[in-house]
Enquirer: 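Take this structure first; my questions come after.
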Amino acid sequence: MKYSLYLGKISGIRISVHWTFLILIFWIVFSNVRAGLSSDEIVWSVVFVLTIFACVILHELGHALTAQRFRIKTREIIILPIGGLAQFESIPEKPKEELLVALAGPAVNVLIAALLFPFVSLRRDLQELETLSRIGPSNFLMTLMNINLWLAVFNLIPAFPMDGGRVLRAVLAFRMSHARATAIAAAIGQVLAMAFVFVGFFINPFLIFIGFFIFLGAQSEAAYARSKFMLKGFTVNDILMHEIPYIHRDLTVKEAAARLLNSQNRNFVVDDGGKPVGTLSREAIIKALGEQGENVSVDQVKDESMVILSPDTPLEEVWQKLQQERKPLMLVMSDGVLQGVVDEENLAEFILIQSAATRNGKPAL
């Protein structure tokens, strides 16, 4: 993810923190200063937040390392002010695998709480837990234990994008298709989201935020599952664009912009005597015009890291590559010869066509 600070790797998994996390730290310091807390209390508050996010990293590692057992790679774990995000290269579709991967994160939080339990005093004044602004040596471990238990319970709410939504889908998928299980789990999640919003108006406005977060997450997961379902059984051959939008490497960015305006093409294959040597997107052309000038050559601004597909590559795999690598154009080659190209737009159109045809009761292709 852009604008993130690389922290290191654990078991080959990249760990990074988004720059907005610094805003959270500054906000804690600022709000504590305004509340009149001492410097020691401010330091304890900051240390406590950093410790919570260390627990969040361990939570996400629980998911990632369990996924590794099923040969599912995790590209990165990114820490955001609202929590952590493990970016998997694919989602386990076997119900048992998804169930174990989903439960692994909350299980880590329960384990952390269990390890802290012998070191806390249950007779501690519960008023010490009412606010994070008064964290100190006396209630640090007890509050951390409670936070981990809360994280485990919260994440097990049966709604996407929480772990509980994936647990629910996995349980349902033991008896029905993955797509159907996703649709039901997403619908349940959206009902819960509306309940959070309704209750939030009367109890706590923060529940409204959680409700919208759950609703959008459920909607996104349902759309993701529908798209994968529409692509199942199809290959690159079914959407291959044979008219290849070539642009020569010696042309200038000004000439590339003119080509952009005079055609329907948004992305081009950069060639050198009929040999593809890179790709050029609309965004790259516009960026080059603004930063390097119109006379810079296409060769200087092309993207050399081409994604090569074969005609029999499943469309599900292509769609995942588009999501992961963010490449606007992919090349399709067979026996070293460029057969055509695939881009995000024609794949999206294929999904729309299949979706409309499915509603009509007939497959489009």
Side-chain angles (χ1 to χ4, degrees), residues 7-17 21 24 44-89 91-92 94-124 126 128-130 132 135-171 174 185 210 213-214 217:
L7 300 180
K9 286 187 176 182
I10 299 178
S11 190
I13 302 167
R14 177 187 173 93
I15 311 291
S16 58
V17 58
F21 184 76
L24 176 64
W44 275 108
S45 295
V46 172
V47 171
F48 183 71
V49 171
L50 293 175
T51 306
I52 290 174
F53 277 88
C55 294
V56 171
I57 291 176
L58 293 175
H59 173 107
E60 298 301 332
L61 279 172
H63 292 307
L65 296 178
T66 304
Q68 277 188 354
R69 295 186 59 188
F70 304 117
R71 299 181 180 178
I72 298 171
K73 294 182 179 180
T74 304
R75 298 193 309 279
E76 183 178 23
I77 291 175
I78 181 78
I79 302 304
L80 302 161
I82 59 172
L85 175 66
Q87 298 179 335
F88 296 114
E89 289 191 354
I91 295 176
K94 292 182 179 180
K96 182 180 177 180
E97 292 180 1
E98 181 170 34
L99 183 62
L100 292 175
V101 171
L103 289 174
V108 169
N109 293 118
V110 172
L111 178 61
I112 293 172
L115 292 174
L116 291 173
F117 181 77
F119 301 98
V120 303
S121 172
L122 296 180
R123 292 176 295 177
R124 189 81 63 194
L126 294 180
E128 293 180 340
L129 303 178
E130 290 181 359
L132 297 184
I135 293 295
S138 63
N139 68 347
F140 188 95
L141 293 181
M142 175 179 278
T143 310
L144 186 62
M145 183 185 75
N146 280 273
I147 287 291
N148 273 280
L149 290 174
W150 182 86
L151 285 172
V153 172
F154 177 76
N155 273 282
L156 287 174
I157 293 174
F160 295 116
M162 265 81 78
D163 301 328
R166 306 191 186 283
V167 170
L168 176 59
R169 175 171 62 186
V171 172
F174 279 108
I210 294 176
F213 176 70
I214 292 174

Enquirer: Quick one: which residue pairs count as a side-chain hydrogen bond (donor to acceptor under 3.5 Å, both in side chains) with a foot in residues 95-115, not counting sequence neighbours?
Expert: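 Found H59-N109, E98-R169, N109-N148.
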Enquirer: Just how far is it from atom CD1 of I112 to atom CG of L149, taken to the nearest 0.5 Å?
Expert: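 Reported value, rounded in 0.5 Å steps: 10.0 Å.
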Enquirer: Could you tell me which non-hydrogen atom of G165 sits nearest to which non-hydrogen atom of A185, and how far apart they are?
Expert: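 Taking G165 first and A185 second, the nearest heavy atoms are O-CB, 4.1 Å.
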Enquirer: Strictly by salt bridge (Lys or Arg N to Asp or Glu O under 4.0 Å), give each pair with a member in residues 103-120 just once, sequence neighbours left out.
Expert: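 For residues 103-120, and leaving out neighbouring residues, there are no salt bridge (Lys or Arg N to Asp or Glu O under 4.0 Å) pairs at all.
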Enquirer: To the closest 0.5 Å, what do you measure between SG (C55) and CD1 (I147)?
Expert: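 Answer for the SG-CD1 pair, C55 versus I147, is 9.5 Å.
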Enquirer: Search all heavy atoms of G62 against all heavy atoms of A104 and return the closest pair with its distance.
Expert: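 That closest heavy-atom pairing would be O-CB, 3.2 Å.
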Enquirer: Using the side-chain hydrogen bond (donor to acceptor under 3.5 Å, both in side chains) rule, collect all pairs that involve residues 150-162, keeping only residues at least two apart or in two chains.
Expert: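 Sorted pair list comes back empty.
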Enquirer: For V108, run the side-chain contact (heavy atoms from CB on, under 4.5 Å) check against L58, T66, V56 and tell me which one passes.
Expert: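 So, applying the side-chain contact (heavy atoms from CB on, under 4.5 Å) to V108 and each of L58, T66, V56, only L58 qualifies.
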Enquirer: Is there any side-chain hydrogen bond (donor to acceptor under 3.5 Å, both in side chains) pair reaching into residues 47-57, and which pairs are they, with sequence neighbours excluded?
Expert: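 Listed by first then second residue: nothing to list.
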Enquirer: Please round to the nearest 0.5 Å and tell me the distance separating atom CZ of R14 and atom CD1 of I77.
Expert: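 Going from the CZ atom of R14 to the CD1 atom of I77 covers 12.0 Å.
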Enquirer: Quick one: closest heavy-atom pair of A64 and T74, and the distance?
Expert: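 Answer, listing the atom of A64 first, then T74: CB-OG1, 3.4 Å.
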Enquirer: Can you measure from CD1 (I57) to CZ (F53) and round to the nearest 0.5 angstrom?
Expert: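 If I round to the nearest 0.5 Å, the distance is 9.5 Å.
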Enquirer: Distance check, rounded to the nearest 0.5 Å: F140 atom CZ versus M145 atom CE?
Expert: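 Those atoms lie 13.5 Å apart.
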Enquirer: Please identify each residue that fulfils side chain to side chain contact (heavy atoms under 4.5 Å, CB included) with L141, with sequence neighbours left out.
Expert: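 So L141 forms a side chain to side chain contact (heavy atoms under 4.5 Å, CB included) with L116, F119, V120.
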Enquirer: What residue pairs, at least two apart or across chains, pass salt bridge (Lys or Arg N to Asp or Glu O under 4.0 Å) with a residue in residues 151-166?
Expert: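 Qualifying pairs: R166-E221.
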Enquirer: Flag the pair L65 / I13 as yes when at least one side-chain heavy-atom distance between them is below 4.5 Å, and no otherwise.
Expert: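 In contact.
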Enquirer: If every non-hydrogen atom of A152 is compared with every non-hydrogen atom of P106, which pair is closest and at what distance?
Expert: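 Taking A152 first and P106 second, the nearest heavy atoms are CB-O, 3.8 Å.
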